Amino acid sequence: MQNSIIDIKQLNLYYGKQHILKDINISIPAKKITVILGPSGCGKTTLLRSLNRLTELDASVKISGEILLNGQDLLNSTEDVTTIRKKMGLLAQRPYPLPMSIYNNVAYGLRISGRRKKKFLNSRVEYYLRQTNLWDEVKDRLKEPAATLSIGQQQRLCLARGLAVDPQIILADEPTSALDPHSSRMIEEKFAELKDSYTIVLVTHILRQAKNIADHVIFMYMGQVVEQADVREFFENPKEQQTKAYLQGQFY
Amino acid sequence: MRKTLKIEERFYRVLMFLSTTFICSALFVILFSILRTGLPHLSWEMISEMPHGGYYFGKSGGIFNAIVGSVYLSLGASLLAFLLGLPIAMFINIHLIRLTRFVAVIRFLLDLLWGVPSIVYGAFGFTIMVFFGMRTSLMAGIITVSLFILPIIVRAMDEVLRNVPKGLLESAKSLGSTNSEIAYVVYFKQCLPGIITAWLLAFGRAIGDAASILFTTGYTDFVPHALNEPAATLPLAIFFQLSSPIPEVRERAYAASVILIFIVLTVSVVSRILSNRYNKNKINF
Ligand SMILES: Nc1ncnc2c1ncn2[C@@H]1O[C@H](COP(=O)(O)OP(=O)(O)OP(=O)(O)O)[C@@H](O)[C@H]1O
Ligand SMILES: [Mg+2]
């Protein structure tokens with residue numbers, strides 16, 4: 001594919017003896033929203049977490065194949081894994097704010113990258129909180145603990161915190177599943193704006209969400225990629241039998 | 001079915017009530033008997049003065065030396081154990097997260113060490129001292145006691161760190177944090193109340209133990225001015241007075257116990273306050 005930022009080649013992943021990801025070959029286009037769809041347990045989360053090498057925290061994981069970011073292999077990289085992770089921001093299924101103030105949550109990523117000037121931090125924190133539509137809600141309580149925010153606000157804070165690390169890619173694993181419809185829509189709209197500057201990989205099993213914001217769709221089933229296509233193509237003219245069945249709601 | 005459930009429920013409720021009452025009254029009786037015997041003998045002289053000649057035979061003076069010695073010793077030992085123990089607890093929970101078996105072995109060993117009686121640590125400390133030609137001193141006591149409370153403080157902190165949800169670790173990792181940043185920024189902040197409690201537990205064990213300091217810290221009628229001087233301590237002051245044939249002196253041992261309890265109480269209240277103060281940033285998952 002032209003303009004792809006991530007290319008995954010022959011990726012296989014095992015949890016112990018269990019074969020979870022089977023011969024994954026996909027490309028993820030730059031500055032687009034790629035949605036990974038599939039029934040529960042098919043390996044979407046595992047695939048996403050392989051991208052920033054979180055799966056290796058688990059001792060029983062064995063992984064083989066290549067994940068190329070801009071042509072450079074991440075799995076066998078000599079580069080420090082923290083450097084690799086800084087290139088991607090992860091938004092988890094439910095928000096995990098850091099145990100510190102709202103301000104420090106966003107400043108954290110800047111500080112660990114060595115930026116410590118107060119003035120610079122102030123302006124960047126405001127910038128990222130504005131980016132995630134949170135600024136007006138929190139500007140008077142920046143010193144308060146992040147735990148005092150609502151779940152929807154916490155998720156946007158986590159997005160702001162992730163953006164502050166200045167990643168190229170945003171990985172999002174069902175980021176709206178713990179949120180109310182309004183907060184969900186806010187996140188979706190944000191993603192649609194952010195794709196001008198970031199590559200977004202979004203896991204969801206909400207078809208409506210996929211249809212609304214995806215540019216590119218990857219459909220997985222039982223650890224395999226069944227189909228990957230442009231969003232129009234995918235929904236209007238699916239090629240594989242399993243995709244058709246899934247889209248018709250024959251399984252979830 | 002419903003009926004048997006109800007009876008079972010009642011049974012356990014009564015059981016819990018009885019055991020709670022039993023434990024609380026036992027504690028109360030202990031405390032009461034110490035206070036009843038000790039309070040009448042507690043005086044400002046006892047707290048503020050050194051033992052004069054013949055103090056241990058019922059003459060005038062106090063145990064200021066033992067109070068100061070105990071505070072020095074247990075603060076020193078708990079600080080040393082904390083400085084050694086925190087990195088261990090962080091290390092097995094963050095850096096070694098993949099080596100689950102190895103970590104299980106470490107935990108098992110620490111639990112074994114927890115069960116070793118403190119007199120064994122005392123004997124061990126003494127052997128080491130003899131080997132290096134050291135005499136009984138505050139320093140030797142601090143080192144011995146810190147070894148003795150190390151497994152306690154490590155396991156207490158470990159239990160707190162272990163309860164940090166994996167999602168927090170993963171989100172900190174996703175931001176590109178190094179393991180040390182995760183340990184000393186994220187985990188430290190999240191667990192600070194629990195870490196303070198772990199320290200308090202260790203402090204309590206340190207100040208109350210007599211066996212580990214018997215051979216290592218020695219006893220003296222003076223306040224130590226340097227780490228290489230021997231130091232008096234409250235548990236030993238209590239022990240010596242309790243073994244006296246003179247009833248008056250034995251009763252003073254209870255007064256010394258009251259002082260010990262009061263110190264633990266003060267430290268405990270202060271650390272509770274600190275702990276609540278640092279609780280506000282903690283995320284409750
Ligand atoms: N830590 C683990 N140890 C062992 N097996 C795991 C682990 N994590 C996931 N799995 C297995 O890997 C498979 C894929 O899981 P994964 O979480 O990637 O699914 P998913 O597509 O994200 O599902 P969902 O839509 O329910 O979130 C499942 O069969 C799961 O049981
Ligand atoms: Mg999932």
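Keep in mind that this is a model prediction, so the values were computed, not measured. Every chain is numbered from 1, with letters handed out A, B, ... down the list of sequences.
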* Is the count of non-hydrogen atoms from other residues, nucleotides or ligands lying under 6.0 Å from B/Met139 atom CE greater than 12? -> no
* To do: Compare all side-chain heavy atoms of A/Tyr108 with those of B/Glu181 and state whether any distance is below 4.5 angstrom.
  => yes
* **Side chain / backbone / both / neither for A/Arg94 at chain B, heavy atoms under 4.5 Å** => side chain
* Structure fact -> So, the part of A/Met100 with a heavy atom under 4.5 Å from chain B: the answer is both
* To do: Give, for atom CD1 of B/Ile94 and atom CG of A/Leu57, the distance between the pair rounded to the nearest 0.5 Å.
  => 11.5 Å
* What are the two closest non-hydrogen atoms of B/Arg98 and A/Ala59, and how far apart are they? -> O-CB, 2.9 Å
* Asked: Between atom CG of A/Asp173 and atom CD of B/Glu170, what is the distance when rounded to the nearest 0.5 Å?
  -> 10.0 Å
* With a cut-off of 6.0 Å (strictly less than), are more than 12 heavy atoms of other residues, nucleotides or ligands near NE2 of A/His205? -> no
* Asked: Just wondering, are more than 12 heavy atoms of other shown residues or ligands nearer than 6.0 Å to CZ in B/Phe262?
  -> no
* To do: State, yes or no, whether a side-chain contact exists between A/Leu98 and B/Ile283 at a heavy-atom distance under 4.5 Å.
  => no
* Asked: More than 12 non-hydrogen atoms from neighbouring residues, nucleotides or ligands closer than 6.0 Å to NZ on A/Lys31, yes or no?
  -> no
* CD on A/Glu144 to CG on B/Asn281, rounded to 0.5 Å -> 10.5 Å
* Nearest non-hydrogen partners of A/Pro99 and B/Gln190, listed with the distance -> CB-OE1, 3.3 Å
* Asked: Any side-chain heavy atom of A/Leu90 sitting closer than 4.5 Å to one from B/Ser171?
  -> no
* **Max heavy-atom pair count under 4.5 Å with chain B, selected residue of A/Lys87, A/Met88, A/Glu56** => A/Glu56
* Asked: Which pair of heavy atoms, one from B/Ser174 and one from A/Leu54, lies closest together, and at what distance?
  -> OG-CD1, 3.7 Å
* Residues, nucleotides or ligands: over 12 heavy atoms within 6.0 Å of B/Arg272 CZ -> no
* For atom NZ of A/Lys32, decide whether the heavy atoms of other residues, nucleotides or ligands shown that lie under 6.0 angstrom number more than 12. => no
* Counting heavy atoms not belonging to A/Arg115, are there more than 12 under 6.0 Å from its CZ? -> no
* Which portion of B/Lys173 sits near chain A, non-hydrogen atoms under 4.5 angstrom -> both
* **Neighbour count above 12 (heavy atom, 6.0 Å) for A/Phe120 CZ** => yes
* Asked: With only heavy atoms counted, which part of A/Ile112 is less than 4.5 Å from chain B, the side chain, the backbone, both or neither?
  -> both
